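Predicted model only: the values in this text are computed from it and were never measured.
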Amino acid sequence: MRTNPDKITLGSGKAYIMEYTGTMPEVTAICVDNNLLGKIQGGAELSYTTETHEERDDLGTVAKVIVTNEEAVLKLGLITFNGDTMAKMADRCKVTEDKTKGTRTMHIGGAGNAQGKEWVVCFHHEDKKDGDIWVMGRGANQAGLTLAFAVDAGSKLEPEIKFLPSDTDGTLVTYIENIKKSS
């Protein structure tokens with residue numbers, strides 16, 4: 001079934017995360033309140049890029065182009081976060097809590113703090129009129145952490161999740177959209 005060619009996608013969405021356990025979850029399993037990564041400011045951006053190699057004869061009459069490398073990255077702007085959120089965005093970290101003091105401490109950096117975890121991240125764009133969109137992949141943040149504390153702006157985490165192959169076909173991104181059901 002073909003989607004509406006006049007559909008305009010407007011608005012942001014929600015980002016969800018869960019630990020990757022060897023198989024990709026269904027969106028109904030990951031897109032639940034307990035897996036919410038944080039509220040988003042400035043939207044999300046998915047980029048898929050390729051590197052190619054081209055061979056041509058000297059006269060330019062035949063050519064062949066093949067894809068030699070590909071990359072998919074999901075960028076987010078998280079306006080709400082805490083130590084647990086940050087721990088999912090920094091592999092080399094350790095989080096401890098002291099409930100009696102009411103504190104959470106995050107130790108960032110150091111090979112001894114490496115978690116070695118991979119994550120499944122799903123961005124869900126809700127659209128009641130034209131249908132929802134989900135963008136999902138397996139990977140980890142490649143952008144490190146930057147926290148800016150300013151008098152006139154909220155602090156924001158801006159992770160860049162580099163997606164890794166998630167199945168035997170090498171799929172980097174799973175893009176799901178609602179379309180009209182056939183009768």
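Counting non-hydrogen atoms of neighbouring residues, nucleotides and ligands closer than 6.0 angstrom, the CG atom of Asp98 exceeds 12 such neighbours.
The hydrophobic cluster containing Leu74 also contains Val173, counting ILVMFWY residues as joined when their side-chain heavy atoms lie under 4.5 angstrom apart, directly or transitively. The hydrophobic cluster containing Val135 also contains Ile40, counting ILVMFWY residues as joined when their side-chain heavy atoms lie under 4.5 angstrom apart, directly or transitively. Val27 and Ile179 are not part of a single hydrophobic cluster, where members link through side-chain heavy atoms under 4.5 Å apart. If you chain together hydrophobic residues whose side chains sit under 4.5 Å apart, Phe149 and Ile79 never meet in one group. Put simply, Val67 and Leu172 are part of two different groups of oily side chains (I, L, V, M, F, W, Y) that touch within less than 4.5 Å, one to the next.
In plain terms, the two heavy atoms of Ala143 and Glu158 that are nearest each other are CB-O, 3.9 Å. Pairing each heavy atom of Leu37 with each of Thr85, the nearest pair is O-CG2, 3.4 Å. A pairwise comparison of heavy atoms in Asn141 and Pro159 identifies OD1-CA, 3.4 Å as the closest pair. Scanning all heavy atoms of the two residues, the minimum distance from Met106 to Leu145 falls at CE-CD1, 4.4 Å. Nearest heavy-atom pair, Asp132 versus Glu126, reported as atom, atom and distance to 0.1 Å: OD1-CA, 3.4 Å. Closest heavy-atom contact between Gln115 and Cys93: NE2-SG, 3.1 Å.
With hydrogens and angles disregarded, a donor-acceptor distance shorter than 3.5 Å links the side chain of Asp167 to the backbone of Asp169. A distance-only check finds no donor-acceptor pair linking the side chain of Asn35 to the backbone of Cys31 [under 3.5 Å]. With hydrogens and angles ignored, the 3.5 Å screen pairs no side-chain donor or acceptor of Thr171 with any backbone N or O of Ser166. Looking only at distances, no side-chain donor or acceptor of Asp91 sits under 3.5 Å from a matching main-chain atom of Ala114.
Atom CG in Asn82 sits 4.5 Å away from atom CZ in Arg104 (nearest 0.5 Å). For the atom pair CD (Glu97) and OG1 (Thr103), the distance works out to 8.5 Å, reported to the nearest 0.5 Å. The distance from the CD atom of Glu54 to the NZ atom of Lys64 is 12.5 Å, given to the nearest 0.5 Å. Rounding to the nearest 0.5 Å gives a distance of 13.0 Å between CD1 of Ile108 and NZ of Lys94. Taken from CZ in Phe81 to CE in Met86, the straight-line distance is 6.5 Å, to the nearest 0.5 Å. Distance CD1/Ile176 to CD/Glu26: 7.5 Å, rounded to 0.5 Å.
For the pair Phe163/Leu46, a side-chain contact is recorded, criterion being any heavy-atom separation below 4.5 Å from C-beta on. Taking 4.5 Å as the limit, every side-chain heavy atom of Val32 sits out of range of all side-chain heavy atoms of Tyr16. In this structure, Gln142 and Val73 have side chains that are not in contact, with every pair of non-hydrogen atoms separated by 4.5 Å or more. Contact of the Arg138 side chain with the Trp119 side chain is not registered, since no non-hydrogen atoms from C-beta on lie closer than 4.5 Å. Residues Glu71 and Lys162 meet the side-chain proximity criterion, which asks for heavy atoms closer than 4.5 Å. Contact annotation: the side chain of Asp84 approaches that of Val95 to within less than 4.5 Å [non-hydrogen atoms, C-beta and beyond].
Between His124 and Trp134, the two ring planes are parallel [angle under 30°; tilted spans 30° to 60°].
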### Message
I'd like to know whether Thr50 forms a side chain to side chain contact (heavy atoms under 4.5 Å, CB included) with Asn69, so could you lay out the CA-CA distance, the side-chain angles of the two residues, the decisive distance to 0.1 Å, and finally the verdict.
### Response
CA-CA 6 Å; Thr50 61; Asn69 194 22; over 6 Å; no
### Task
Quick one: do Ile17 and Met89 satisfy side chain to side chain contact (heavy atoms under 4.5 Å, CB included)? Show the steps, please.
CA-CA 10 Å; Ile17 192 168; Met89 297 297 105; 3.6 Å; yes
### Message
What verdict does the side chain to side chain contact (heavy atoms under 4.5 Å, CB included) test give for Ile66 and Thr68, after you've listed the backbone C-alpha separation in whole Å, the side-chain angles of each residue and the deciding distance to 0.1 Å?
### Response
CA-CA 6 Å; Ile66 61 168; Thr68 58; 4.2 Å; yes
